[in-house]
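Shown next, in structure tokens, is the structure this report addresses.
A note on names: the letters A, B, ... follow the listed sequences, proteins ahead of strands, and every chain is numbered from 1.
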2 protein chains.
Amino acid sequence: MTTAQRPTLEAVARRAGVSRATVSRVVNGSTTVAEPIREAVRRAVAELGYVPNLAARSLVTQRTDSIALVMPEAATRVFSDDQVFPGIIRGAAQELEAADKQLVLMLAGSPGGHERVERYTTGRHVDGVLFASLHGADPLPGRLARLGIPVVCSGRPLGDEDVPYVDVDHVGGVSRAVRHLIDGGRRRIATIAGPQDMVAGIERLTGYRETVVAAGLAEMIALGDFTRESGAAATRQILAEHPDVDAIFAASDLMAHAALRTLREAGRRVPDDVAVIGFDDIETAAYTEPPLTTVRQPIQEIGRQMTRQLLRLAAGEPIEPAVILPTELVVRESA
Amino acid sequence: MTTAQRPTLEAVARRAGVSRATVSRVVNGSTTVAEPIREAVRRAVAELGYVPNLAARSLVTQRTDSIALVMPEAATRVFSDDQVFPGIIRGAAQELEAADKQLVLMLAGSPGGHERVERYTTGRHVDGVLFASLHGADPLPGRLARLGIPVVCSGRPLGDEDVPYVDVDHVGGVSRAVRHLIDGGRRRIATIAGPQDMVAGIERLTGYRETVVAAGLAEMIALGDFTRESGAAATRQILAEHPDVDAIFAASDLMAHAALRTLREAGRRVPDDVAVIGFDDIETAAYTEPPLTTVRQPIQEIGRQMTRQLLRLAAGEPIEPAVILPTELVVRESA
DNA sequence: TTGTACGCGTTATCAC
DNA sequence: GTGATAACGCGTACAA
């Protein structure tokens with residue numbers, strides 16, 4: 001391997017005929033440097049192709065200029081096609097690019113992975129940590145927060161953690177969806193709920209129950225885990241238990257997609273016999289048969305907001321403990 | 001912010017009653033330490049919750065224990081639901097976890113982003129760089145390779161770059177798909193090609209042309225960019241120019257998906273009137289109407305292989321210049 | 001087998 | 001405004 005010696009501050013200093021300190025000042029944009037010298041340093045930097053050694057810098061500044069994005073990697077969902085995690089990644093990456101910081105991606109799926117994440121983050125190898133929707137009550141965010149390490153979660157953390165988070169208005173969105181079904185004359189409205197160890201699953205079910213109960217209708221609930229497979233199974237269960245169902249609200253588009261197909265296989269027409277509404281508004285939603293009516297959540301914006309909050313936190317600025325983004329009902333043909 | 005002073009090697013050494021050097025040796029798994037002392041150090045490390053300072057370590061070792069994964073972020077595709085990039089990310093993350101290295105994700109979409117990637121990678125802030133399918137002939141991989149920085153690309157790099165890469169057998173997969181159509185009695189076989197500035201787009205078109213020509217059939221080509229929108233437009237173009245088309249091979253599942261819908265809108269039945277085959281085997285493929293026959297590529301495996309090659313390279317081991325993974329025709333109902 | 005001492009490339013605190 | 005100089009925390013020859 002070529003050991004192309006990188007130029008150091010020292011080399012630049014020699015070349016520009018100044019001291020290391022001055023070069024450092026110029027590189028870091030200090031204003032207390034005379035313009036001619038500043039210019040000479042600039043030239044030397046360019047000529048030598050000098051790039052600061054981040055390790056050395058971070059050794060003294062105690063900053064790493066990088067933040068970690070931790071994902072649970074629930075085998076089926078994280079990188080399935082629901083685009084939730086890719087969306088968060090992208091939003092975070094955009095904000096970080098603007099701040100010139102690096103994004104370190106960590107999957108905490110395996111037990112070993114979680115241990116690794118813990119070691120790395122508590123070891124202060126990053127300036128802050130972003131947690132993408134967790135399963136259950138993970139104690140790590142709270143622990144990091146108590147260590148004084150900036151943390152922001154996507155989705156209200158379960159448990160009594162006092163960790164800032166960014167989430168969407170699940171209940172409001174679901175409520176709008178269910179009322180849309182009711183307004184359309186549906187009365188036998190079932191739901192395919194998400195996993196009840198995730199905030200998104202819990203809150204979407206809450207939205208369904210509150211709205212249905214308020215309308216004096218019966219609750220019909222089948223549990224899924226956001227995946228298509230679980231959606232298909234839940235749909236079959238609903239059809240078996242409630243043959244007269246005339247609408248289904250699924251807590252994810254993937255489950256709604258499976259419901260569409262399972263209903264068709266069962267001879268039910270959508271939306272004529274059974275109306276279907278999903279949640280997410282993934283790209284596929286516009287291409288299902290029929291196109292899916294769904295609750296849109298601004299996924300990428302979640303990633304951006306999380307990152308913005310984290311950067312503020314890392315800069316020592318105060319932030320609000322929760323940021324709730326709006327959801328929106330997108331009406332297509334399935335309901 | 002709490003300034004919880006982290007314990008240093010020095011602190012551990014005092015606690016264990018040995019020198020810093022010995023602690024360092026134990027931490028780094030040197031075998032030349034007597035068992036009793038080793039044990040004492042272990043205990044001190046545990047009691048103090050010592051975690052090595054990566055910045056300090058990398059300052060002296062010249063390694064960063066992190067590698068960069070660079071994605072082009074072609075706005076539409078990177079984080080759309082084709083799962084290619086998420087799949088690569090996941091595969092890479094798995095391999096890196098085993099090697100206890102970090103994954104730094106960089107999006108090179110914007111001009112500024114590309115400049116940033118260049119600055120960061122040439123600055124040797126990572127031990128190696130993974131490039132996910134590039135557009136056009138990006139000079140960066142070659143430049144990094146010449147600087148002696150380990151680089152691996154997904155997809156043969158365009159241009160005369162001599163950079164190691166991992167790719168799938170595009171031509172073989174497409175050839176099998178087209179022959180499947182021919183075997184099914186199709187004679188008017190069109191293709192919706194991918195972007196011709198990406199290797200995947202180029203090679204899949206090559207596979208189509210070679211096979212169609214070898215069978216003495218006419219070429220019917222419409223250009224897309226892997227997205228659904230482009231697939232719909234291309235399908236309309238094909239129907240307009242070749243009303244007698246009886247099969248379409250699309251270079252991506254997303255385009256195939258759009259073709260399915262566009263054909264239906266045009267009153268063509270699939271597969272009765274027109275057979276359709278895609279490429280990728282994304283999750284949605286099994287749920288389209290009708291379920292999509294497609295060429296499966298082992299996306300996650302690409303990420304894993306790239307990473308393995310890169311780690312070998314970084315370890316100074318020799319690697320083969322190209323790794324080609326097999327593709328497989330998955331027959332469902334659309335052809 | 002263990003300890004001493006030096007250097008990795010920066011930033012920051014001083015004098016000047 | 002500029003330049004010495006001392007950390008920052010660690011790995012590793014080299015000596016013992």
So T22(B), base contact, sugar-phosphate only, or nothing? Heavy-atom distance under 4.0 Å.
sugar-phosphate
Evaluate the side-chain proximity of P157(B) to P141(B): yes if any heavy-atom separation is below 4.5 Å, no if none is.
no
Listed once per pair and sorted, the salt bridge (charged side-chain N to carboxylate O under 4.0 Å, His left out) pairs that draw on residues 45-66 of chain A, sequence neighbours left out:
R15(A)-E47(A), R63(A)-D65(A), D65(A)-K101(A)
Got a sec, which residues hit ring pair (Phe, Tyr, Trp, His ring centres under 6.0 Å) with H125(A), two or more places apart in sequence or on another chain?
Y120(A)
Which value, rounded to the nearest 0.5 Å, describes the distance between L96(A) atom CG and L311(A) atom CG?
6.0 Å
Protein-nucleic acid N or O pairs under 3.5 Å, nucleotides 5-7 of chain C:
unit_1 : atom_1 : unit_2 : atom_2 : d
dC6(C) : N4     : R20(B) : NH2    : 3.4

Could you check if a side-chain atom of I324(B) sits within less than 4.5 angstrom of a side-chain atom of Y165(B), using non-hydrogen atoms only?
yes
Does the side chain of P86(A) reach to within under 4.5 Å of the side chain of F85(B), using non-hydrogen atoms?
no
One pair to check against side chain to side chain contact (heavy atoms under 4.5 Å, CB included): S66(B) and V104(A). What are the steps and the verdict?
CA-CA 9 Å; S66(B) 67; V104(A) 177; over 6 Å; no
With side chain to side chain donor-acceptor pair (under 3.5 Å) as the rule and sequence neighbours excluded, what pairs involving residues 302-324 of chain B come up?
Q94(B)-R304(B), E95(B)-R304(B), E95(B)-R308(B), E301(B)-Q305(B), Q309(B)-R312(B)
Length of the CD-C1' vector between E35(B) and dT2(C), whole Å
16 Å
Measure from CZ on R63(A) to P on dG9(D) and round the result to the nearest Å.
15 Å
Protein-nucleotide distance (R124(A), atom CZ; dG9(D), atom C1'), rounded to Å:
15 Å
Side chain to side chain contact (heavy atoms under 4.5 Å, CB included) between L140(B) and F131(B), worked out:
CA-CA 10 Å; L140(B) 189 49; F131(B) 282 90; 3.9 Å; yes
Taking only residues two or more places apart in sequence, or in another chain, which ones meet D100(A) in a salt bridge (charged side-chain N to carboxylate O under 4.0 Å, His left out)?
R116(B), R119(B)
With each end axis built from five pairs of C1' atoms, what bend angle do you get for the helix from dT1(C)-dA16(D) to dC16(C)-dG1(D)? Round to 10°.
40°
Dump the pairs, protein N or O against N or O of nucleotides 14-16 of chain C, anything under 3.5 Å, distances to one decimal.
none

E10(B): salt bridge (charged side-chain N to carboxylate O under 4.0 Å, His left out) partners, not counting sequence neighbours:
R14(B), R20(B)
Test side-chain contact (heavy atoms from CB on, under 4.5 Å) applied to L310(A) - qualifying residues, sequence neighbours left out
I67(A), L130(A), P150(A), V152(A)
Which residues pass the salt bridge (charged side-chain N to carboxylate O under 4.0 Å, His left out) test with E118(B), sequence neighbours left out?
R143(B)
Give, ordered by number, those residues of residues 9-19 of chain B having at least one heavy-atom distance below 4.0 Å to an atom of DNA chain C; if nothing qualifies, reply none.
V18(B), S19(B)
Which residues in residues 36-56 of chain B have at least one heavy atom lying under 4.0 Å from any atom of DNA chain D?
Y50(B), P52(B), N53(B), A56(B)
State, to 0.1 Å, how close D167(B) and G155(B) come at their nearest heavy-atom pair, and which atoms those are.
OD2-CA, 3.3 Å
Between dC10(D) atom C1' and R57(A) atom CZ, what is the distance in whole Å?
20 Å
Tell me the interatomic distance from L59(A), atom CG, to dC10(D), atom P, rounded to whole angstroms.
9 Å
Please answer whether the main-chain N or O of V199(B) pairs with a side-chain N or O of R156(B) as donor and acceptor at a distance below 3.5 Å.
no
Using OP1 and OP2 only, check whether a side-chain N or O of S24(A) sits under 4.0 Å from dT11(C).
yes
Between the CD atom in Q62(A) and the CG atom in L59(A), the distance rounded to the nearest 0.5 Å is 7.5 Å
d(CG, D65(B); C1', dC10(D)) in whole Å:
13 Å
